[in-house]
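What you see below is based on every heavy atom in this structure, not just the backbone, and it leaves out hydrogens, waters and symmetry mates. By convention in this document, chain letters (A, B, ...) are assigned in the order of the sequence lines, proteins followed by strands, and residues within each chain are numbered from 1.
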Amino acid sequence: MPELPEVETVRRGLAPVLEGRRLVKVTARRPDLRKPLPVDLAQRLTGRTIVRIDRRAKYLLVRMDAPVVLLAHLGMSGRMLVFRPPLPPFDRHDHVIFDVEDGTQVRFRDPRRFGLMDLAEADAVDEHPFLASLGPEPLGEKFDGPALGRLLDGRNGPIKAALMDQKVVAGLGNIYVCEALFMAGLSPRRKASTVRGARADRLATAIHQVLEAAIAAGGSSLRDHRTPSGELGYFQHSFSVYGREGEPCPGCDCAAAVKRLVQSGRSTFYCSARQR
DNA sequence: CGGCAAACCTGCGAGC
DNA sequence: TGCTCGCAGGTTTGCC
């Protein structure tokens with residue numbers, strides 16, 4: 001499901017529910033997601049109070065009142081859902097359950113089980129294997145055209161693939177890469193290292209704008225994404241090209257239809273007239 | 001190191 | 001109605 005805007009939406013929904021509250025019980029209803037869960041997950045989190053929830057790329061960082069941090073990745077289909085009594089029966093894909101002192105229950109539900117959870121030591125979170133090789137945050141202060149140009153330097157593959165690589169920029173996925181390239185007028189096939197100067201400026205600006213707009217809309221709800229309170233994001237209505245193969249290219253007079261191609265096994269949507 | 005395909009797993013919509 | 005196929009917002013692994 002989730003790229004950076006969806007994870008940020010989840011973070012903002014969970015924060016008021018969990019921050020400052022104590023976990024009275026944590027339950028792993030199966031031993032693994034995409035990877036094995038820590039065997040002591042429940043034991044180390046039960047009784048802890050959540051101090052703060054942060055986000056790094058597509059990961060949630062749940063900081064506790066002890067030197068331990070829960071790292072969670074939603075994979076493709078993961079959700080964090082908040083329930084209050086009376087609690088509904090478990091769904092078969094409710095894998096990890098967090099019971100809060102006030103009776104609220106947060107469930108990590110993930111049908112495809114591409115999600116991840118692990119515990120990190122608080123003083124070495126950035127060195128955790130999940131986070132260690134991530135590139136910069138695209139909404140961070142240091143992310144601009146020149147910085148993006150340097151990240152793309154020497155990369156001979158297509159710009160689409162480079163932007164999907166979390167080591168280059170952390171948090172983009174298929175939707176927002178397609179949308180940002182459209183907004184910047186850059187072909188998804190363009191060699192990454194040629195995106196420098198004014199083109200890199202345009203692309204960095206486009207990435208920033210599309211992410212901010214998507215966060216403001218509560219993310220994009222295609223199939224799985226819900227805010228923790230169950231609401232839908234609505235940025236999917238603002239897609240220019242993603243999922244719009246065959247539709248007229250929006251917002252310009254090129255009169256071309258949106259095309260689809262496959263790069264690295266993923267669909268790319270673009271306008272061949274506008275994107276060069 | 002770069003780039004790509006496949007694998008991981010389940011669900012859903014389209015087409016027959 | 002029911003089956004098969006293709007596709008899905010991500011990451012990792014293994015192969016060239």
A.B. asks: Reading DNA chain B from 5' onward, which residue's closest nucleotide shows up sooner: A/V262 or A/G154?
C.D. replies: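 Here A/G154 is the residue nearer the 5' end.
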A.B. asks: Could you walk me through whether A/R22 and A/T49 pass side-chain hydrogen bond (donor to acceptor under 3.5 Å, both in side chains), step by step?
C.D. replies: CA-CA 4 Å; A/R22 188 168 165 271; A/T49 294; 5.3 Å; no
A.B. asks: From the list B/dC4, C/dG10, B/dT10, which nucleotide is the closest neighbour of the side chain of A/R112?
C.D. replies: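 Nearest nucleotide to the side chain: B/dT10.
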A.B. asks: By the definition side chain to side chain contact (heavy atoms under 4.5 Å, CB included), identify the one residue from A/L139, A/L163, A/L181, A/L4 that meets it with A/I207.
C.D. replies: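 When A/L139, A/L163, A/L181, A/L4 are each tested with A/I207, the side chain to side chain contact (heavy atoms under 4.5 Å, CB included) holds only for A/L163.
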A.B. asks: By the definition side chain to side chain donor-acceptor pair (under 3.5 Å), identify the one residue from A/Q263, A/K259, A/R260, A/R189 that meets it with A/T268.
C.D. replies: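 Result: among A/Q263, A/K259, A/R260, A/R189, A/Q263 is the only option passing the side chain to side chain donor-acceptor pair (under 3.5 Å) with A/T268.
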A.B. asks: Take the protein atom CD of A/E245 and the nucleotide atom P of B/dG13, then report the distance between them rounded to whole Å.
C.D. replies: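 That distance rounds to 19 Å.
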A.B. asks: Looking at the side chain of A/R113, which of B/dT10, B/dC4, C/dT11 is the nearest nucleotide?
C.D. replies: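 Nearest listed nucleotide: B/dT10.
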A.B. asks: Stem finding on DNA chain C, please: runs of three or more consecutive Watson-Crick or G-U wobble pairs, both distances under 3.5 Å, sorted by first number.
C.D. replies: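 Stems found: B:2-8 with C:10-16, B:10-16 with C:2-8.
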A.B. asks: Under 4.0 Å, heavy atoms only, any strand: does A/R155 hit a base, just the sugar-phosphate, or nothing?
C.D. replies: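 Sugar-phosphate, no base atom in range.
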A.B. asks: In terms of side-chain geometry, is the basic nitrogen of A/D165 or A/R155 positioned less than 4.0 Å from the acidic oxygen of its partner?
C.D. replies: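 Counted as a salt bridge, because a side-chain N and a carboxylate O are separated by less than 4.0 Å.
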A.B. asks: Roughly how many Å apart are B/dC9 and C/dC3, using the P atom of each and rounding to a whole number?
C.D. replies: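 Result for the P pair: 24 Å, nearest Å.
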A.B. asks: Between A/E3 (CD) and C/dG10 (C1'), how many Å, whole number?
C.D. replies: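 These atoms are roughly 9 Å apart.
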A.B. asks: Which listed nucleotide (B/dC9, C/dT12, B/dG11) is nearest to the side chain of A/H93?
C.D. replies: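 Side chain of A/H93 sits closest to B/dG11.
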A.B. asks: Among B/dC4, B/dT10, C/dA8, find the nucleotide with the atom closest to the side chain of A/R92.
C.D. replies: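 Comparing B/dC4, B/dT10, C/dA8 against the side chain of A/R92, the answer is B/dT10.
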A.B. asks: Return yes if some donor-acceptor pair links the side-chain N/O of A/D94 with the main-chain N/O of A/R107 below 3.5 Å, else return no.
C.D. replies: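 Checking the backbone N and O of A/R107 against the side chain of A/D94, no donor-acceptor pair under 3.5 Å is found.
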A.B. asks: Do we count A/F114 as stacking onto C/dT11 if the rule is ring centres under 5.5 Å and planes under 30°?
C.D. replies: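 A stacking contact does not exist, since A/F114 is not both close and nearly parallel to the base ring of C/dT11.
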A.B. asks: Report the nucleotide, chosen from C/dT12, B/dC9, C/dA8, that has the shortest atom-to-atom distance to any side-chain atom of A/Y242.
C.D. replies: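 The answer is C/dA8.
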A.B. asks: Is the shortest side-chain N/O distance from A/S264 to OP1 or OP2 of B/dC4 below 4.0 Å?
C.D. replies: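 It does, given that an N or O in the side chain of A/S264 lies less than 4.0 Å from OP1 or OP2 of B/dC4.
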A.B. asks: Out of C/dT12, C/dG10, B/dT10, which has the shortest distance to the side chain of A/K35?
C.D. replies: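 The nucleotide sitting nearest to the side chain is C/dT12.
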A.B. asks: Take the protein atom CG of A/L60 and the nucleotide atom P of C/dG10, then report the distance between them rounded to whole Å.
C.D. replies: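 Distance, rounded to whole Å: 15 Å.
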A.B. asks: List for me each residue that meets ring-ring contact (aromatic ring centres under 6.0 Å, His included) alongside A/Y59, sequence neighbours excluded, and say none if there are none.
C.D. replies: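 Testing A/Y59 for ring-ring contact (aromatic ring centres under 6.0 Å, His included), a comparison that skips the adjacent residues, returns A/H73, A/F130.
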A.B. asks: Compare side-chain N and O positions of A/K58 against OP1 and OP2 of C/dT11 and report whether any pair is under 4.0 Å apart.
C.D. replies: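 Yes, within the criterion.
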A.B. asks: Output the rounded distance in Å from CZ (A/R266) to C1' (C/dT11).
C.D. replies: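 Result: 9 Å.
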A.B. asks: Take the protein atom CG of A/D165 and the nucleotide atom C1' of C/dT11, then report the distance between them rounded to whole Å.
C.D. replies: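 Going from A/D165 (CG) to C/dT11 (C1'), I get 11 Å.
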A.B. asks: Does a side-chain N-to-carboxylate-O contact under 4.0 Å join A/R56 and A/E137?
C.D. replies: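 Answer for the salt bridge query: yes.
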A.B. asks: Is any side-chain N of the basic residue among A/R55 and A/E6 closer than 4.0 Å to the acidic one's carboxylate O?
C.D. replies: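 Result for this pair is no, no salt bridge flagged.
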A.B. asks: For A/K167 and C/dT12, what is the distance between atoms NZ and P respectively, to the nearest whole Å?
C.D. replies: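 From A/K167 NZ to C/dT12 P: 8 Å.
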A.B. asks: Does A/S267 place a side-chain N or O at less than 4.0 Å from the phosphate oxygens OP1/OP2 of C/dA8?
C.D. replies: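 It does, given that an N or O in the side chain of A/S267 lies less than 4.0 Å from OP1 or OP2 of C/dA8.
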A.B. asks: Using whole Å, report how far CG of A/L116 lies from P of C/dT13.
C.D. replies: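 About 11 Å, once rounded to whole Å.
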A.B. asks: Report yes if at least one side-chain N or O of A/H73 is closer than 4.0 Å to OP1 or OP2 of C/dT11; otherwise report no.
C.D. replies: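 Looking at the OP1 and OP2 atoms of C/dT11, one of them is under 4.0 Å from a side-chain N or O of A/H73.
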A.B. asks: To the nearest Å, give me how far apart CG (A/N174) and C1' (C/dA8) are.
C.D. replies: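 Going from CG in A/N174 over to C1' in C/dA8 covers 10 Å.
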A.B. asks: Under 4.0 Å, heavy atoms only, any strand: does A/Q166 hit a base, just the sugar-phosphate, or nothing?
C.D. replies: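 Sugar-phosphate contact only - A/Q166 comes under 4.0 Å of backbone atoms but never of a base.
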